Each structure stands twice: as C-alpha cells, then as structure tokens.
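These numbers were taken from a predicted model, which means no experiment stands behind them. Note on naming: letters A, B, ... go to the chains in the order of the sequence lines (proteins, then strands), and numbering restarts at 1 for each one.
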Amino acid sequence: MATWVEPRLPRGMRDILPQKMLQRRYVMRVIENVFERFGFEPLQTPALELAQTLLGKYGPDAEKLIYDARHREGKEELALRYDLSVPLSRVVAMNPELTKPFKRYQIAPVWRAERPQKGRYREFYQCDADIVGATSMLADAEIIAMIFAILSELGFKEFVTKLNHRQVLTALGEYSGVPTELLGGLYRAIDKLEKIGRDGVRAEMVKNQIPAPAVEKILALLDLPTDDLAAWREILRAYPRGIAGIDELEQLTQHTRALGVNPARLQVDLTMVRGLEYYTGPIFETVVTEPKIGSLTGGGRYDGLIGLFSKTALPATGTTVGIERIIDVMDELRMFPPNLGKTVTQVLVTVFDATQRAASLALGMELRAAGVNTEVWYDADGLGKQLKYAAAKAIPFALIAGPDENAAAVITLRDLNSGEQSQIARDEIIARLGEKIAAA
RNA sequence: GUGGGAUUAGCUCAACGGCAGAGCGCUUCACUGUGGAUGAAGAGGUUGUGGGUUCGAAACCCAUAUCCCACCCCA
C-alpha cells in the first residue's frame with residue numbers, strides 16, 4: 001500500500017455529489033432544450049488546447065489565469081481551456097466547410113486559476129451558444145431572446161440584461177483623448193459607475209493616471225442618463241465608430257422587440273464594460289438584483305477572433321450562460337421545482353427473507369424492463385432497516401411481499417411520503433406503480 | 001496577486017494555558033412484517049498540516065494549506 005494521504009481537493013475545485021448533480025442536470029437540460037429550440041447544434045472540443053491557441057486572445061490579465069497542462073515528458077505546450085469561444089474559433093477555422101451561419105452550443109468545464117470565492121471556482125462549467133458567419137444584428141438579438149427564454153424558463157423574474165457596444169467605448173476613448181495604453185484603466189473605472197458612484201469613478205480615473213482634462217470630459221458624459229442614445233449620438237457625432245455602434249444598438253433593440261423580448265428587462269447601459277479583449281461590437285451582460293452574485297450571462301460580438309486562426313475572417317456573436325451562478329442563485333432562492341427528487345430511484349423492492357429473494361429480484365427486473373428506476377435490497381435484513389434506507393435516500397415508494405401477500409397474489413405498495421399502504425394485485429403492479437409515480 | 005476572518009467527531013459548535021465535550025447524525029437494542037416518534041447502550045478525534053514557546057498547547061508565536069469576506073477580475 002502507498003502511504004496514507006489525507007483526501008483533499010485542489011484549490012477552487014469540488015466534487016458534485018448526486019443530489020447536487022440532479023439540480024445541475026435539470027438546469028443543463030433546460031438550457032440545452034432552449035438552445036436546440038433556437039436551432040443550435042451541440043459541439044464538443046478537448047479540455048486541452050495547444051498553449052499557442054489560447055495565448056494572446058484574452059489580454060494579459062486574463063492570460064495569467066490560464067492553467068499550464070504539459071505532459072511530464074511531452075513536447076507539446078498544452079493548456080486547459082479558459083473559455084469556449086476561442087476553441088470554437090479554432091474549430092470554425094479548421095472546418096471551413098461548415099455551413100454558415102454556424103450555430104453551436106457547448107456545455108463544458110473551463111479552468112481559470114482565480115482566487116476562489118462563493119460562486120467563483122477554478123473549474124466551472126460554461127454554457128455557450130454562438131453564431132458564426134452572421135453580421136446581422138438579428139443574430140445578436142436572437143442570442144438575447146434566447147437568454148430571456150432560458151432565464152424565464154428557469155423561473156427568474158428579477159433580472160436585467162445590459163447592452164453596450166465596443167465601438168461606442170472606443171469612440172468614448174477617442175472623444176476624451178485618453179492615450180491608448182490607458183484605455184483599459186478608463187473602461188474599468190467607467191464600469192464601476194453603478195457600484196462606486198461618480199466621485200468613485202473620478203478617483204479611480206485619477207488613480208489610473210487618466211489626464212485631468214479627459215477625466216472632466218468623461219465625467220460630463222457620465223452625467224447623462226446611461227441609456228440616452230440620442231444624447232451620446234450628438235456628443236460622439238464626430239466619431240464614426242461611435243455612431244456606427246449606436247446605430248447597431250438601435251437596430252439590436254428593435255430586433256429584440258420583434259422577438260418579443262420584454263423591453264423593461266433590456267437596458268442600454270453605455271457604462272457597461274466587458275473585460276475580454278476580443279469583443280468588437282455589441283456586448284451584453286445579465287445581472288440579477290436579488291442575491292448579489294455578479295453576472296449570470298455575458299457575451300457579445302467578436303468579429304476578429306476567428307481571423308486569428310484563419311485567412312478568412314468570420315463574424316461571430318454569442319453568449320455564455322453562467323450555469324454555476326444560476327445554480328447557486330436558484331438554490332439560495334429555492335427555485336428548483338418541488339418534484340425534482342433527491343434520488344433517481346423511484347422504487348425500492350424489499351426482500352422479505354431469503355426465500356423471497358428470487359421473487360423480489362424478478363419483480364425488480366420486471367420494473368426495470370418497464371422503465372422504472374428500481375433498487376432491490378441485497379441482504380436478509382429486517383423490513384425496518386430496508387425502509388429506513390428508502391427514507392434516508394428519499395426513495396418515494398417501496399414494495400413489500402411476504403407470505404401474506406403471496407397467499408393473496410398481491411404486493412404491498414408503500415408510499416414513503418404519506419406512509420399509506422395499499423395491496424395491489426401482482427399482475428397489476430407495474431401499471432399501478434406507474435400511475436403513482438406519474439402522479440408524484 | 002493584495003488585505004482580513006475562520007479551521008476541534010460525519011454535521012453545527014463548546015472548551016480560551018491544566019483529563020477534548022455537547023446537540024444532531026450514525027450503529028445496536030426495546031421491536032422476529034414496516035422508516036422519519038420515544039427510551040437505553042455504543043462507536044467515532046494525529047484538535048487542517050509543519051515547526052516553535054512552555055513543566056504542560058486545541059488555546060500563545062511563526063510558517064503553510066484550504067474555506068469564507070473585501071479588492072482585482074469574472075461565469
């Protein structure tokens with residue numbers, strides 16, 4: 001035997017035990033169903049990518065969080081994927097024959113070496129849906145409509161999707177005259193407006209060495225309502241990129257209305273910034289106000305990314321749905337459907353004694369053949385122990401058959417939730433149990 | 001990556017320099033055809049890990065790991 005080691009997990013990683021797995025699977029199935037309803041196809045890619053595939057795509061800050069994953073004696077420089085958009089771009093570049101627009105979804109783990117916190121893990125699942133090869137703002141609008149479909153289907157009421165445009169932010173930089181190398185600091189300061197207020201943003205800009213005249217110009221802008229497109233259009237009229245961005249935001253909001261998106265839950269917010277460097281067009285982010293847990297979805301248009309892997313550039317837009325945070329929020333707010341069980345098992349077939357074992361096993365296999373998730377007890381234990389097991393696992397039903405039942409050709413069906421028992425003819429048991437399960 | 005708090009039985013916590021404990025849970029029994037009720041008995045601990053101070057450390061000091069909180073960033 002090897003030496004004893006205390007069982008531990010790597011930092012920021014966790015096991016997902018069966019009861020939690022059932023919740024996760026429920027959320028994933030809802031999301032997958034909505035994705036497919038909008039015509040997105042499933043895709044899978046390796047957890048590992050060549051390091052060069054990932055490097056230089058996310059910006060220096062994010063790049064520090066990428067996990068190295070070299071084989072001990074391997075020659076390839078490998079890294080664990082950091083998101084699903086870059087692998088998608090690689091796939092599209094490698095498979096030019098894919099029919100465009102290419103709509104795919106992928107639900108898979110990604111790894112980021114961040115400092116863990118509640119709702120922030122180093123290994124976590126992302127659910128991405130992207131459209132490659134469409135320049136129309138209708139594609140972006142469809143992504144937003146899909147986010148709304150997912151969140152409302154999961155039972156979310158208090159959420160808001162914020163919209164901004166990378167080109168508007170770029171124009172804002174041009175307008176204020178902030179040098180390119182300081183733009184990141186400028187955007188990050190602006191992004192905090194809601195959180196730290198106007199004076200906080202001023203302090204943040206000063207801290208980030210934004211020149212004083214630029215600080216004043218930006219602050220004047222921030223005094224406008226953050227969704228006043230007309231006012232911003234006027235101010236940015238000398239900056240074609242800004243105007244183009246505002247045009248696109250207007251088209252986008254119109255399209256979302258045509259798609260039935262509730263306008264009250266969609267807010268243009270010209271101070272919303274997303275960190276990833278590859279965004280080029282509209283950007284969007286969904287936040288819930290109730291538990292403060294950060295954003296539930298985030299995405300945008302990245303028309304330049306695929307061009308980094310291919311001679312022919314392709315436009316792309318999409319979103320990440322933050323399943324981990326959705327699950328955390330739903331757990332906290334008890335949003336899971338009440339009939340979402342704690343176990344997959346629907347019935348426990350008890351074994352009355354050794355002479356009944358064969359009969360119980362046969363009954364169990366019959367139930368399984370009929371599609372009922374069934375467990376059969378292993379040992380010659382008392383019924384008390386067997387029912388206690390069923391109760392501990394929250395198995396809803398138990399079947400009992402001893403000499404009394406045999407004599408009458410019946411089986412006792414016990415409902416563990418109500419404690420009610422009924423005798424059912426042996427040859428009707430599958431049909432009757434099926435009804436009970438359906439009603440539960 | 002920076003700063004703060006926490007870490008003792010499976011879980012929630014107590015003991016604050018002098019014999020490591022309680023509640024819940026678990027096992028067995030009261031109960032040879034019935035779980036979540038009651039009563040009794042029992043099992044379970046390198047006090048996160050490694051050093052140090054002390055006659056004596058769960059407690060004080062140092063380091064380290066993990067979790068939580070705030071930054072940073074983000075799903």
Rounded distance (Å) that lies between atom P of B:C68 and atom CZ of A:R14: 10 Å
Would you call A:R301 and A:D140 a salt bridge, taking side-chain N to carboxylate O under 4.0 Å as the test? yes
Base-pairing mate for B:G48 - Watson-Crick or G-U, with both contacts under 3.5 Å: B:U64
Could you report the tightest heavy-atom contact between A:E123 and A:R14, atom names first, then the distance? O-NH1, 3.4 Å
Could you measure between the two C1' atoms, the one in B:U12 and the one in B:G42, and give it in whole Å? 22 Å
For the base of B:C74, is there a side-chain donor-acceptor partner from A:R325 under 3.5 Å away? yes
What does B:C29 pair with, Watson-Crick or G-U, if both distances are under 3.5 Å? B:G39
A:D61 has an atom CG; how far is it from atom P of B:C71, in whole Å? 17 Å
Can a salt bridge be assigned to the pair A:E49 and A:K57 using a cut-off of 4.0 Å between side-chain N and carboxylate O? no
Would you indicate what A:K64 reaches in the nucleic acid, counting non-hydrogen atoms under 4.0 angstrom: base, sugar-phosphate, or nothing? nothing
Classify A:K192 by what it touches in the nucleic acid, base, sugar-phosphate, or nothing, heavy-atom distance under 4.0 Å. sugar-phosphate
C1'-based separation of B:G18 from B:A37 [nearest Å]: 43 Å
Complementary nucleotide of B:A20, counting Watson-Crick and G-U pairs under 3.5 Å: none
Separation of atom NZ in A:K118 from atom C1' in B:A70, rounded to whole Å: 15 Å
A:L9 or A:T286: which one's nearest nucleotide on RNA chain B is closer to the 5' end? A:L9
For the pair made of CZ in A:R120 and P in B:C69, what is the distance, rounded to whole Å? 10 Å
For atom C1', what is the distance between B:G51 and B:A57, given to the nearest Å? 13 Å
Give A:F352 one of three labels, base, sugar-phosphate or nothing, depending on what nucleic acid heavy atoms sit under 4.0 Å from its own. base
Looking at the base of B:U34, is there any donor atom on it, or on the side chain of A:Q421, that sits under 3.5 Å from an acceptor on the other one? yes
For atom CG of A:D404 and atom C1' of B:U32, their distance in whole Å: 14 Å
Look at the side chain of A:Q356 and the base of B:G33, then say whether one donor and one acceptor between them are separated by less than 3.5 Å. no
Identify whether any heavy atom of A:Y121 sits under 4.0 Å from a base atom; if not, whether one sits that close to sugar-phosphate; answer base, sugar-phosphate or nothing. base
Salt bridge or not for A:K64 and A:E114, using N-O below 4.0 Å? no
Base-pairing assignment for B:G56 (Watson-Crick or G-U wobble, both under 3.5 Å): none
Between A:E366 and A:R426, does at least one N-O distance fall below 4.0 Å, as a salt bridge requires? yes
Taking any heavy-atom pair under 4.0 Å as a contact, classify A:E114: base, sugar-phosphate, or nothing. base
Between A:G384 and A:R115, whichever has its closest RNA chain B nucleotide further toward 5' is A:R115
Consider the side chain of A:K195, meaning its heavy atoms from C-beta on, and name the nucleotide among B:A75, B:C71, B:U34 that approaches it most closely. B:C71
Exercise: identify the closest heavy-atom pair between A:W377 and A:L348: N-CD1, 4.2 Å
Quick one: label A:Q117 by what it contacts on the DNA or RNA (base, sugar-phosphate, nothing), any heavy atom closer than 4.0 Å. base
Would you classify A:D353 as touching base, sugar-phosphate or nothing, given that sugar-phosphate means primed atoms plus P, OP1 and OP2, and contacts are heavy atoms under 4.0 Å? nothing
Quick one: label A:G12 by what it contacts on the DNA or RNA (base, sugar-phosphate, nothing), any heavy atom closer than 4.0 Å. sugar-phosphate
For A:F124 and B:A75, is the gap between ring centres under 5.5 Å while the planes differ by less than 30°? yes
Categorize A:D83 for me: base, sugar-phosphate, or nothing, with a 4.0 angstrom heavy-atom threshold over every strand shown. nothing
Tell me what A:R112 touches on the nucleic acid: a base, only sugar-phosphate, or nothing, going by heavy atoms under 4.0 Å. base
Starting at CZ of A:R11 and ending at C1' of B:U64, how long is that distance when rounded to a whole Å? 12 Å
Does the side chain of A:K385 get closer than 4.0 angstrom to OP1 or OP2 of B:U28 through an N or O atom? yes
If the threshold is 4.0 Å, N to carboxylate O, is there a salt bridge linking A:E142 and A:K103? yes
Now, which nucleotide makes the Watson-Crick or G-U wobble pair with B:A70, with each of the two distances under 3.5 Å? B:U2
Euclidean distance, atom CD of residue A:Q386 to atom P of B:C31 [Å, nearest integer]: 20 Å
Gap in Å between the two C1' atoms, one belonging to B:C61 and one to B:U54, rounded: 12 Å
In whole angstrom, give the distance that lies between atom CG of A:L387 and atom P of B:A37. 14 Å
Using a heavy-atom cut-off of under 4.0 Å over every strand shown, decide if A:I400 touches base, sugar-phosphate, or nothing. base
Taking only N and O in the side chain of A:K388, is any of them less than 4.0 Å away from OP1 or OP2 of B:U27? yes
Tell me which nucleotide, if any, is Watson-Crick or G-U wobble paired with B:A15 when both distances must be under 3.5 Å. none
Side-chain donor/acceptor of A:R414 to base of B:G35, under 3.5 Å: yes
Could you go step by step and tell me if A:F40 and A:Y105 meet the ring-ring contact (aromatic ring centres under 6.0 Å, His included) rule? CA-CA 6 Å; A:F40 288 70; A:Y105 71 89; 7.7 Å; no
Distance, C1' atom - from B:G48 to B:U7, rounded to whole angstrom: 6 Å
Using the C1' atom as the point on both nucleotides, what is the distance between B:C13 and B:A30, in whole Å? 31 Å
Rounded distance in Å between the C1' positions of B:G44 and B:G56: 27 Å
With the side chain defined as heavy atoms from C-beta on, A:Q126 is closest, among B:C67, B:G33, B:A75, to B:A75
Provide the distance between the two C1' atoms, one in B:G10 and one in B:A43, to the nearest whole Å. 12 Å
What I want to find out is whether A:E332 reaches A:K118 closely enough, with some N-O distance under 4.0 Å, to be called a salt bridge. no
